[in-house]
Amino acid sequence: QVQLVESGGGLVQAGGSLRLSCAASGRTFGSDAMGWLRQSPGKEREFVVAINRSGRSTYYADSVKDRFTISRDNAKNTVYLQMNNLKPEDTAVYYCAAGLLTYSPDGYYYWGQGTQVTVSS
């Protein structure tokens with residue numbers, strides 16, 4: 001019984017930055033990783049980045065590596081996604097998710113409602 005709520009999405013011009021937050025409530029388990037995944041119209045949901053329970057290990061999709069940074073504050077039950085140098089192709093609904101430490105969307109079993117990120121050229 002985990003609830004995830006994303007915030008921080010919006011409209012930004014190419015080259016700009018946004019910071020997304022994901023607040024978790026309810027009991028989570030020690031094996032849970034946290035991830036950000038995204039979906040654009042007409043495309044399947046894709047992995048963006050994940051972080052393990054302790055925050056010591058992170059995994060990034062090649063398309064966002066060196067531009068996006070994931071972090072977590074376990075005391076606040078919150079995960080963050082700092083997005084820099086945004087590109088129009090980053091436009092998508094971004095979902096926070098909890099589950100296995102995996103690159104596959106199928107490995108995540110708790111999902112937030114999503115937050116829209118739109119990057120204009």
Side-chain angles (χ1 to χ4, degrees):
Q1 193 175 4
V2 175
Q3 305 291 326
L4 304 174
V5 180
E6 303 97 331
S7 62
L11 175 65
V12 64
Q13 291 184 316
S17 298
L18 285 173
R19 185 175 66 250
L20 306 184
S21 298
C22 173
S25 62
R27 189 166 69 96
T28 60
F29 300 96
S31 60
D32 282 350
M34 299 296 298
W36 289 94
L37 303 96
R38 66 188 182 186
Q39 187 167 21
S40 300
K43 297 182 179 180
E44 62 187 13
R45 192 169 298 181
E46 66 173 344
F47 171 84
V48 178
V49 62
I51 188 167
N52 74 347
R53 181 74 171 179
S54 69
R56 293 193 299 268
S57 298
T58 56
Y59 305 87
Y60 293 87
D62 288 342
S63 60
V64 304
K65 191 175 180 63
D66 300 323
R67 297 191 298 119
F68 291 10
T69 303
I70 190 172
S71 61
R72 67 190 299 168
D73 185 340
N74 287 341
K76 293 183 176 181
N77 291 322
T78 301
V79 180
Y80 304 94
L81 181 63
Q82 179 66 46
M83 304 184 294
N84 297 325
N85 192 24
L86 283 161
K87 303 175 180 180
E89 53 262 42
D90 295 319
T91 295
V93 176
Y94 283 71
Y95 296 92
C96 178
L100 303 177
L101 191 63
T102 178
Y103 294 100
S104 173
D106 294 337
Y108 297 88
Y109 33 79
Y110 299 109
W111 295 83
Q113 83 288 349
T115 186
Q116 177 70 47
V117 172
T118 303
V119 184
S120 63
S121 60

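All values below were derived from every heavy atom in this structure, side-chain atoms included, with hydrogens, water molecules and symmetry-related copies excluded.
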Rounded to the nearest 0.5 Å, how far apart are [atom1] of [X] and [atom2] of [Y]?
| X | Y | atom1 | atom2 | value |
| --- | --- | --- | --- | --- |
| Met34 | Thr78 | CE | OG1 | 9.0 Å |
| Thr58 | Lys65 | OG1 | NZ | 6.5 Å |
| Asn74 | Arg53 | CG | CZ | 5.5 Å |
| Ser104 | Arg45 | OG | CZ | 11.5 Å |

field: Pairs involving residues 4-17, ordered by first then second residue, that meet side-chain hydrogen bond (donor to acceptor under 3.5 Å, both in side chains) (sequence neighbours left out)
entry: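 Sorted pair list: Glu6-Gln113, Ser17-Asn84.
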Please check this pair: side chain of [X] against backbone of [Y], looking for a donor-acceptor N/O pair closer than 3.5 Å.
| X | Y | value |
| --- | --- | --- |
| Arg72 | Gly55 | no |
| Thr102 | Leu100 | no |
| Ser121 | Ala14 | no |

- request: Any pair with a residue in residues 61-91 that passes ring-ring contact (aromatic ring centres under 6.0 Å, His included), sequence neighbours left out, goes on the list, sorted by first then second residue, please.
  value: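 Sorted pair list comes back empty.
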message: If you count heavy atoms of other groups shown closer than 6.0 angstrom to CD of Glu89, is the number above 12?
response: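 Buried by this count: over 12 neighbours within 6.0 Å.
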Compare all side-chain heavy atoms of [X] with those of [Y] and state whether any distance is below 4.5 angstrom.
| X | Y | result |
| --- | --- | --- |
| Asp90 | Met83 | no |
| Ile70 | Tyr60 | yes |
| Arg38 | Val117 | no |

Shortest non-hydrogen contact between [X] and [Y], atoms and distance:
| X | Y | result |
| --- | --- | --- |
| Leu37 | Ala97 | CD1-CB, 3.8 Å |
| Gly99 | Tyr108 | N-CD2, 3.7 Å |
| Val12 | Leu86 | CG1-CD1, 3.5 Å |
| Phe47 | Ala61 | O-CB, 3.6 Å |
| Gly9 | Leu20 | N-CD2, 3.5 Å |

field: Within residues 46-121 or reaching into it, pairs that qualify as disulfide bond (SG atoms under 2.5 Å apart) - sequence neighbours excluded
entry: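 Listed once each, the pairs are Cys22-Cys96.
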task: Could you please spell out the steps behind the side chain to side chain donor-acceptor pair (under 3.5 Å) verdict for Asp32 and Tyr109?
output: CA-CA 10 Å; Asp32 282 350; Tyr109 33 79; 2.9 Å; yes
Summary of salt bridge (charged side-chain N to carboxylate O under 4.0 Å, His left out) pairs that have at least one residue in residues 96-116, sequence neighbours excluded: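 Checked against salt bridge (charged side-chain N to carboxylate O under 4.0 Å, His left out) - neighbours excluded - no pair reaches residues 96-116.
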query: With the 4.5 Å side-chain cut-off for hydrophobic clustering, are Tyr94 and Leu11 part of the same group?
result: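 Different hydrophobic clusters.
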query: What residues, two or more places apart in sequence or in another chain, satisfy side chain to side chain contact (heavy atoms under 4.5 Å, CB included) together with Val93?
result: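 Partners of Val93 under the side chain to side chain contact (heavy atoms under 4.5 Å, CB included) test: Tyr95, Gln116.
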- request: Please list, chain by chain and in numerical order, all residues satisfying side chain to side chain contact (heavy atoms under 4.5 Å, CB included) with Ser54, sequence neighbours excluded.
  value: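 Expected list: Asn52, Arg56.
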